[in-house]
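One structure is given here, and the rest of the page talks about it.
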Number of protein chains: 2
Amino acid sequence: MNRTTALDMLARKGYKITGKRETMAHIFWKNHRLLSARAVHNIIKVDSPGISLDTVYRNIRLFEELGILEATELNREKHYCFTSSDHHHPLICIDCGTVKKIEICPMDHMLDLPKGFLVTGHKFEVYGHCSDCHSS
Amino acid sequence: MNRTTALDMLARKGYKITGKRETMAHIFWKNHRLLSARAVHNIIKVDSPGISLDTVYRNIRLFEELGILEATELNREKHYCFTSSDHHHPLICIDCGTVKKIEICPMDHMLDLPKGFLVTGHKFEVYGHCSDCHSS
DNA sequence: ATCGATGCAAACTCTTTGCATAGCA
DNA sequence: TGCTATGCAAAGAGTTTGCATCGAT
């Protein structure tokens, strides 16, 4: 996912391309990490003030519905980043929120599930401190 | 973890064994599944009314601090069940909340983490419908 | 000109906390 | 008796919503 694709998806679905939506898409594009609504709003307050927290919430929600963003819960707050094209799991730095891709998926090795259990989803996340954060 | 052990742990730490705490321990013992505070309170309202939601929250918190309960977040609500003795991951029925144990841990297969990344934790959960729920 | 987007304020959900009272040890 | 546990009400955090206005198409 990138800025242009995101805005295209909005337009194609009949939603308006507003400056605020462009700003938000830009923020997610510039920050390759998990951002909460408040985090996005804080970045906005510094870089391009004038977007209310409500609008951030509303547009994040819209972006998620359109598949532009994907969500992960991190201590009770929803965090978002641009959707990636392939299925993978995140290695999350709990200091800076940077996300790296984990190449394996544990579901590929789950051969011994109880018979009759219908799997609909799974979550695998690894948390820790990235090299930048724990060396400083 | 079981009822008696739970109440013993309370007593040993100097906390009082009240009827309400016994009721709550009983509920977690009878229900081998993830329960939110509200779920516990709903069970209480039917089986043995007279415990406020506040008390449920306070005792769940205490139980968790003492290691009697362990928590998992499930769509924005904390859910709890009796602590199990070994490290394992849950197979969660999203209909009834029943939890089965997954025997493998993906961290055992994670050999290719980025150098310098200091792992502090991980989460692996599988969701779906158990045989009881999706057959009915 | 239209209809969606936004800001403001209020509401909502889950959870925690202050304070006075009730109840275990 | 003494101190903890509890209920009530209020507060707090994150998020959503109603309504009037603004603005993109």
Side-chain angles (χ1 to χ4, degrees), chain A residues 3-4 6-27 34-45 47-66 68-81 97, chain B residues 6-27 34-45 47-66 68-81 97:
Chain A
R3 260 182 318 179
T4 317
L7 297 174
D8 279 357
M9 290 176 73
L10 279 170
R12 230 178 305 127
K13 293 275 185 176
Y15 295 100
K16 293 176 180 166
I17 312 291
T18 66
K20 314 197 179 199
R21 284 179 177 159
E22 286 179 335
T23 300
M24 286 182 59
H26 182 75
I27 286 174
L34 291 169
L35 297 169
S36 64
R38 193 166 300 275
V40 172
H41 190 236
N42 285 337
I43 295 174
I44 285 171
K45 275 196 298 195
D47 291 356
S48 43
I51 306 183
S52 73
L53 185 54
D54 317 64
T55 296
V56 172
Y57 272 112
R58 266 190 278 235
N59 284 333
I60 280 182
R61 204 146 171 270
L62 176 63
F63 287 6
E64 191 189 4
E65 279 165 18
L66 295 183
I68 295 171
L69 295 178
E70 50 190 6
T72 289
E73 268 182 48
L74 225 49
N75 22 276
R76 193 61 51 81
E77 264 187 322
K78 277 197 179 178
H79 287 69
Y80 303 85
C81 61
Chain B
L7 298 175
D8 279 357
M9 289 175 74
L10 279 171
R12 230 178 307 126
K13 293 274 186 174
Y15 295 100
K16 292 177 183 168
I17 311 291
T18 66
K20 316 199 176 198
R21 284 178 178 161
E22 285 180 333
T23 299
M24 288 184 57
H26 183 75
I27 286 174
L34 290 169
L35 297 170
S36 65
R38 194 166 298 274
V40 171
H41 191 235
N42 285 337
I43 296 174
I44 284 171
K45 276 197 294 197
D47 291 356
S48 43
I51 306 184
S52 74
L53 184 54
D54 318 64
T55 297
V56 172
Y57 272 112
R58 265 192 278 233
N59 283 334
I60 279 182
R61 203 146 171 270
L62 176 63
F63 286 7
E64 191 188 3
E65 279 167 17
L66 295 182
I68 295 171
L69 295 178
E70 50 189 7
T72 289
E73 267 181 49
L74 224 48
N75 21 278
R76 191 61 49 82
E77 264 187 323
K78 277 196 179 178
H79 286 68
Y80 303 85
C81 62

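A note on names: the letters A, B, ... follow the listed sequences, proteins ahead of strands, and every chain is numbered from 1. Excluded from the calculations below are hydrogen atoms, water molecules and symmetry mates; all remaining heavy atoms, backbone and side chain alike, are included.
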Minimum heavy-atom separation for [X] to [Y], with atom names?
X     : Y     : answer
A/M24 : A/F63 : CB-CE2, 4.2 Å
B/L7  : B/A25 : CD2-CB, 4.3 Å
A/V40 : A/I27 : O-CD1, 4.2 Å
A/A6  : A/I68 : O-CD1, 3.5 Å
B/G50 : B/K20 : O-NZ, 3.1 Å
B/C81 : B/L34 : SG-CD2, 3.9 Å

In whole angstrom, give the distance that lies between atom [atom1] of [X] and atom [atom2] of [N].
X     : N      : atom1 : atom2 : answer
A/E64 : D/dT16 : CD    : C1'   : 14 Å
B/N59 : D/dT6  : CG    : C1'   : 9 Å
B/E73 : D/dA13 : CD    : P     : 17 Å
A/K13 : C/dA5  : NZ    : C1'   : 19 Å
A/F63 : D/dT15 : CZ    : P     : 17 Å
B/H41 : D/dT6  : NE2   : C1'   : 12 Å
A/L10 : C/dC3  : CG    : P     : 20 Å
A/I60 : C/dA5  : CD1   : P     : 16 Å

CG-CG distance between A/L62 and A/L10, expressed to the nearest 0.5 angstrom: 5.5 Å
With sequence neighbours excluded, residues passing side-chain contact (heavy atoms from CB on, under 4.5 Å) with [X]:
X     : value
A/H41 : A/K45, A/L53, A/V56
B/R58 : B/D54
A/T55 : A/I51, A/S52, A/N59

For nucleotides 19-25 of chain C, just jot down a letter per nucleotide in 5' to 3' order: B, S or -, based on protein non-hydrogen atoms under 4.0 Å. ----BBS
At 10 degrees resolution, what angle do the end axes of the helix from C/dA1-D/dT25 to C/dA25-D/dT1 form when each is taken over five base pairs?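 Axis-to-axis angle, ends of the helix: 30°.
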What are the atom names and distances for every N/O pair under 3.5 Å that joins the protein to nucleotides 12-16 of chain C?
unit_1 : atom_1 : unit_2 : atom_2 : d
C/dC14 : OP1    : B/E77  : OE2    : 3.4
C/dC14 : OP2    : B/R38  : NE     : 3.3
C/dT15 : OP1    : B/K78  : N      : 3.1
C/dT15 : OP2    : B/Y57  : OH     : 2.5
C/dT15 : O5'    : B/Y57  : OH     : 3.4
C/dT16 : OP1    : B/R61  : NE     : 3.4

Exactly one candidate in B/E73, B/R76, B/K78, B/H79 meets side chain to side chain contact (heavy atoms under 4.5 Å, CB included) with B/S36; the answer is B/H79
Contact under 4.0 Å: B/S52 side-chain N or O vs D/dG7 OP1/OP2: yes
